[in-house]
Amino acid sequence: MIKVHLWSGLRRLAGGAEAVTVQAATVGQMFDAMIAAHPGLEPVIKAGVSVVIDGEVTAGGRNLAVKPENEIYLIQRVKGG
Amino acid sequence: MSRIHITTTVNGEAAEFLTDPRETLLDVLRNQLGLTGSKEGCGTGDCGACSVLLDGVLVSSCLVLGVEVQGKTVETIEGMATDGALHPLQRHFIEHAALQCGFCTPGILVAAKALLAQNDNPTETEIRYWLAGNLCRCTGYDKIVRAVQDAAAEMRGAA
Amino acid sequence: MPKDELKAGFRLVGTRPNRPDGLDKVTGRARYGADIVAANMLHAAVVRSPYAHARIKKIDASRALALEGVKAVVTRADFPTGLTGEDWNLQENTIAGDTALYDGHAVAAVAATSALVAQDAARLIEVEYEVLPHVTDVDAAMAPDAPVIRAGNADHSVPEGMHPNVVRYIDFGHGDIEAGFAAADLVREGTYKTEATHQGYIEPHACLGQLGADGRGEMWVCTQGHWYIRRMCAAVLGIEAANLRVTPSEIGGGFGGKTTIFMEPLALALSRKAGGRPVKLVMSRAEVLRATGPTASASMDVKIGMKKDGTITAGQVNFRMQGGAFFGMSPIAEALPCAFACYDIPNLMHEGYEVLANRPKAAAYRAPGSPMAAFAVESLLDEMCRELSLDPLQVRLKNAAKEGTKSSYGPTYNRIGLVETLEATMAHPNLSAPLGPNQGRGVAAGFWFNHGGETSVSLQIGEDGTVGVSVGTPDIGGSRASIALMVAETLGIEYEAVRVNVVETGSLGVNEPTHGSRATFASGKAAVEAAESAIKQMCARAAAEWGIDPEAVEWVDGAARPAGENAGKFPPLTIGEIGAKMGGTGGPISGHHESVPGGVGASFGVHVVDVEVDPETGKSTVLRYLVVQDAGRAIHPAYVEGQYQGGAAQGIGWALNEEYIYGADGRLQNPMFLDYRIPVASDLPMIDTVIVEVPNPGHPYGVRGVGETGIAPPLAAVANAVAAASGARLRTLPLSPPKVLAAIKAGQ
Ligand code: FES
Ligand code: FES
C-alpha cells in the first residue's frame, strides 16, 4: 500500500482525510485507485497535478514507479518561466 | 506612394535604394540593404537596439528617415570588424560574457565605440550614463560595463 | 549523495570559454525572429481592440481588401470552432470571438505586399463595438458589483457564493495555525500589493509562417519552445502537429514570456488564405506591452507569529491574483508554495484565489509567483525583525529549511543549500560596508522549484572525432556553451570539438521549452546520457577491432583503452580514429536520450541591497547589490553570474519603477519603454555575486538550474532597504519617488 498526501482542497474531495492509502505500483495505478475510491478527485487529477516523490517534483508520468517507502505528495501543477 | 531614390555610403561602401518617405533608416538598413544586425526593440528611440553612426554621430536609426541619409555616411554593426579582425569591444564582449540573448549587443557595441572615440578612458559612471539609452534586459549591465572598461584599456595600451 | 561523491576535479566544467554563438552575436550576423525572410513574402498587421471590454458587433474589411497590395484578411470566422480548455484560451487570445476582453486584444489581421500597406489596410478595417463595463484591479474584480468577465469559468475548487470572476481557489497547510500564533511572542500582519510587470525582452515577438491548402506548413519564430508553438498553433488552427515544422530563431530574451503563442497562428491563417505565400508578422513594442504576457498583479495578506528569539511559530497567507481574462493564467499555484518555502515552520496555512480581469493573458515570468510571494512574506519578516531588534539574516538562518525539513508545501526536502547560502551571505564584505545618512540595507531570501520536463537530445560522432549535439531547448543565456562543456567533459575531448545546435521540430522528439530553469539541467543531463551511450558504442567498436569483450574496454580521455592488464595490450583508439573508421565498422555512431528527467533540485538565493533615499524627492538609488545563490554546480560560471545579475536587475525594476498603469477607461497608459521604465545602465551599480555550490545529487554534474530564483528576493530586499534608509515602509510596489516621498512625509 502506498500513502498519498493531499493538499487541503483535495481533502474535501476525498472524504476529508489528509492522505489516502491505495494499492499501486505506478503513478498511473495510484491515480486510478484514488479515483475509484474518491470519484470527486477525477476532474482535478485529469486536469493535471504535480506528483512529488521523496521531495522531488516529478511531471507525474503514469509509468513512474511508486513504492510503499516513498513519501508521496500531490501538489498543484507548477509551471516555470 | 512614390518612392525616392537615395544614394549614401554604408560601412564604407556606396549604397543606393528607393524608399517610401515614411520608412526609417532602420527599415531601409534591415529590409532593403539586408543589414539586419541593427535591431528594432521599440521603434520609438527608447531602447538603442537600432544604434548606428550617421556621419560619425550616434543616432537611433528608428528615429531617422531613410530619405535623410542622402549623401551621408552610415556605420552599422556589420562594419565594426575590419579585415576579419574583431574590434576590441567585440572581443571583450565575448570574453566577458557581456551578452546573454545578444539582441541589445549590436546597438551597445556601436554606442560604446562612439563613446571610446571621444573619451578613451571613461569612468564607470561615464560608461553607465553614455549607455543609458541602450536597454539590456538580460545582463544587469555589470559585464557590459566591465567589457567596455577592458576594451578601452586595451585600446589605450595599443595606441 | 554527499557532495564529495559527485564528480569533482573537472577538466572543463567550471571554466569560462567563449560561447559558440558569441561571434555571430557581436557581428550582427545572428538571425533573430524578425531577421528571417522568404521569397514572395507578405507582411502582416493586426487590428486590436481600443477597449478593455467590448462586444464586437461587426467587422467590415471591404475597404482594406480594396487597397492595392492587400492579399488577405482574417477574423475569428477563419478559425475552427469547438475548442475547449487551454486550447480555447489560446485561440480566444490569438483573436477575439464575440467579445474583446482587454485593451489590445486582436480582432482582425491583414496581410499585404509590404509592411506599410498592411498597416494602412489595418486602419481601414472597420470594427463596430458595443462597449461593456470593465474591471482591471484584482480586488475590485472580486467585489460583488464587479462586471462579470466570463460566467461559468470557475472550477470545482471555488467556494459557493463567490463572484463569477473568481475562478480558482487553492488552500493547503499543516500543523495548527491558531496554536502556532498563540505560541508566538509577536504576531503581525500586513497587506501587500504588486502591480503587473512585463518580462520586457528587448526583442518583440516575430515570426514568419507559411501554410498551404494541404495543411502543411512551416514557421520560423523567436520562442523559448518550438514544440509548444507547434502544438498550440495546430490546436488553434485545427491542423496536424507533424505537418507544421517549426524552426526557432535566435531569441532576444524571453524570461517565460515566449513559452506560449500570441500572434503566430495569425501569420499561418493569413498565409493559408493568401494562397500559401509566407507571411511575416512582427509586433511593435506597444503591441508587446498591450497584448503579450505580463505577469499577474497581486494583492496579498500575510500574518506571521514569531518568538522573541526569532523562531517563527506560524505563517498564514491569503493571496489574490489576476492573470488576465483567461482561466489558469495567474501563478497563484506557484506563489503559494513559494511563500514560506525558505523556512521550517510547524504551523502554516495558505489560501489563494485566481481572479479574472480585463487585462492581457498573463504568461510565465521568471519564477512565476515567487517574487510577489517573497515581497509579502520577506517584507513582513523584516518588519518583525526590526520590532524585535533581531538580525534579519540570523532570523532567516535560525528558521532556514534544510535537508529533511518538511517544506511549506508538504514534501520533505532533499539536499538543499539555503543554510550554506545564508552563511556565505553573512561572510561577504558588503555586509560590513559602512552606511551613510539616508542609506539603508535590506535583505531577503527566495526560492524556486526548478523543473525537468520532456527532453529529447541527439548526439552524433563525426568522421574526424568532432561531435554534434542536437538539442530542442532554445539558447537564451548561454546554454549551448554549458551543454558543450558537459559533453566535452564526459567524452574527454576539447570544448571546441563539440558543436551544440538548437534544432527544429522535425529533428527530435518533443521538447518542452527553455523554461523552469531547465535547459542546462535537462538538456544537459540528456546530452550527458547521450554521450555515455555513444561511448558504449565506441567501446564496442574498439572491442570488436581488438577481439576482446566490450566489458573489458574503458573510455578514458577521449579514447577507448583496454581496462587493465588482463584485457590485453592494445594502443588506445581515439574518438577520431573510431569516427574515421565507423563507416566500415558498423555505420554511424550516435547517442540519443529521451526522458522526463528526475532529480530536479530546488534552488535558494539571498540578496543584500544598500539603497540611498533622497529625502527631498523620494528617489531611491541602489548603491550596492549582492546576490548569493546555490547553483548546485556552475558549469559556465560567467553565465551563472549573468543569470544572477539579470534576475536581480529585473527585480530591482519591479521594485522601483515598473508597473502596468491602467486608466479609468481600462486602457494601458504606458505601452512604451519611455513610460514602462526598465532599469538602464545608469540606474544600477555593479551587481556582486557569490555562487554557492551544493551539488544536486540528481544531476550528473550537480546542476540545479539557476535562471529563476534570482528574481524572487529583490522586491522585498529593495523595499526593506528603502524602509531602513527612510523609515518609509511601503507595502505596494513600485516604490516610485512620489510614493516614497508621500510615505516619508506621512511618517514625519
Ligand atoms: S528601435 Fe530604435 S531606439 Fe529602440
Ligand atoms: S543580452 Fe539580452 S537584451 Fe542584452
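Residue numbering restarts at 1 for every chain, and letters A, B, ... go by the order of the sequence lines. What you see below is based on every heavy atom in this structure, not just the backbone, and it leaves out hydrogens, waters and symmetry mates.
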Using a strict 4.0 Å threshold on nitrogen-to-oxygen distance, state whether C:D475 and C:R480 make a salt bridge.
-> yes

Part of C:A648 within contact of chain B (heavy atom distance under 4.5 Å) = neither

Contact leader toward chain B among C:R16, C:R31, C:M283, C:Q199, where contacts are heavy-atom pairs under 4.5 Å | C:Q199

B:G37, B:C47, B:C101, B:A49: which one forms the most heavy-atom pairs within less than 4.5 Å of chain C?
-> B:C101

Answer with side chain, backbone, both or neither: which region of C:P17 has an atom nearer than 4.5 Å to a non-hydrogen atom of chain B?
-> neither

Between B:Y141 and chain C, which part of the residue has a heavy atom less than 4.5 Å away: side chain, backbone, both or neither?
-> side chain

Distance (rounded to the nearest 0.5 Å) between B:D20 CG and B:S2 OG | 8.0 Å

Does the separation of the ring centres of C:W220 and C:Y32 fall below 6.0 angstrom?
-> no

Interchain contact, C:T27 with chain B, by part (heavy-atom threshold 4.5 Å) | both

Within residues 117-135 of chain B, the residues sitting under 4.5 Å from chain C by heavy atom, in sequence order, are B:E124, B:R128, B:Y129, B:L131, B:A132, B:L135

So, for C:F673 and C:Y201, which heavy atoms are closest and what is the spacing to 0.1 Å?
-> CZ-O, 4.4 Å

So which of C:A649, C:P685, C:G253, C:A286 has the biggest tally of heavy-atom pairs under 4.5 Å with chain B?
-> C:P685

Checked C:R285, C:M686, C:K25 vs chain B; the most non-hydrogen pairs under 4.5 Å come from C:M686

Please flag which part of C:I251 lies under 4.5 Å from any non-hydrogen atom of chain B: side chain, backbone, both or neither.
-> backbone

Is it the side chain or the backbone of B:T44 that comes within 4.5 Å of chain C heavy atoms, both, or neither?
-> side chain

Identify the residue among C:D21, C:D35, C:D24 that makes a side-chain hydrogen bond (donor to acceptor under 3.5 Å, both in side chains) with C:R29.
-> C:D24

Could you tell me which of B:D46, B:V145, B:I144 has the largest number of non-hydrogen atom pairs under 4.5 Å with chain C?
-> B:D46

Using a cut-off of under 4.5 Å on heavy-atom pairs, state which of C:G477, C:S114, C:A30, C:G642 scores highest against chain B.
-> C:G642

Under 4.5 Å heavy-atom distance to chain B, tell me which part of C:Q643 shows up: side chain, backbone, both or neither.
-> both

Between B:V64 and B:V69, what is the shortest heavy-atom contact and its length?
-> CG1-CG1, 4.3 Å

From CA spacing to verdict: side-chain hydrogen bond (donor to acceptor under 3.5 Å, both in side chains), B:Q70, B:T7 | CA-CA 5 Å; B:Q70 171 65 39; B:T7 56; 3.1 Å; yes

With a 4.5 angstrom heavy-atom cut-off, which part of B:I108 approaches chain C: side chain, backbone, both or neither?
-> neither

Straight-line distance of C:I687 CD1 to C:H607 NE2, nearest 0.5 Å | 9.5 Å

Kindly indicate, with the supporting measurements, whether the criterion side-chain hydrogen bond (donor to acceptor under 3.5 Å, both in side chains) is fulfilled by C:H515 and C:T473.
-> CA-CA 9 Å; C:H515 68 167; C:T473 42; over 6 Å; no

Contact check, side chains of C:V221 and C:L208, non-hydrogen atoms, under 4.5 Å | no

Chain B contact via C:I652 - which portion, at a heavy-atom distance below 4.5 Å | neither

Specify which of B:T105, B:N31, B:T36 makes the most heavy-atom pairs with chain C at under 4.5 Å.
-> B:T36

Counting heavy-atom pairs under 4.5 Å to chain C, which of B:E40, B:R30, B:R91 comes out on top?
-> B:R30

Report the C-alpha distance between B:Q100 and C:Y639 in whole Å, list the side-chain angles of each, state the deciding distance to 0.1 Å, and finish with yes or no for side-chain hydrogen bond (donor to acceptor under 3.5 Å, both in side chains).
-> CA-CA 8 Å; B:Q100 282 175 32; C:Y639 290 104; over 6 Å; no

Pick one of side chain, backbone, both or neither for B:L109, based on which atoms fall under 4.5 Å of a heavy atom in chain C.
-> side chain

If you measure from the Lys or Arg side-chain nitrogens to the Asp or Glu carboxylate oxygens, is any gap between C:K619 and C:E612 under 4.0 Å?
-> no

Rounded to the nearest 0.5 angstrom, the OG-CG distance for B:S38 and B:L25 is 8.0 Å

Check the pair C:E658, C:H198 against side-chain hydrogen bond (donor to acceptor under 3.5 Å, both in side chains), reporting the backbone distance first and the verdict last.
-> CA-CA 8 Å; C:E658 296 177 34; C:H198 196 276; over 6 Å; no

Considering only heavy atoms, which portion of C:Q650 lies under 4.5 Å from any heavy atom of chain B: side chain, backbone, both, or neither?
-> both

C:D688 bridged to C:R624 by N-O distance under 4.0 Å | no

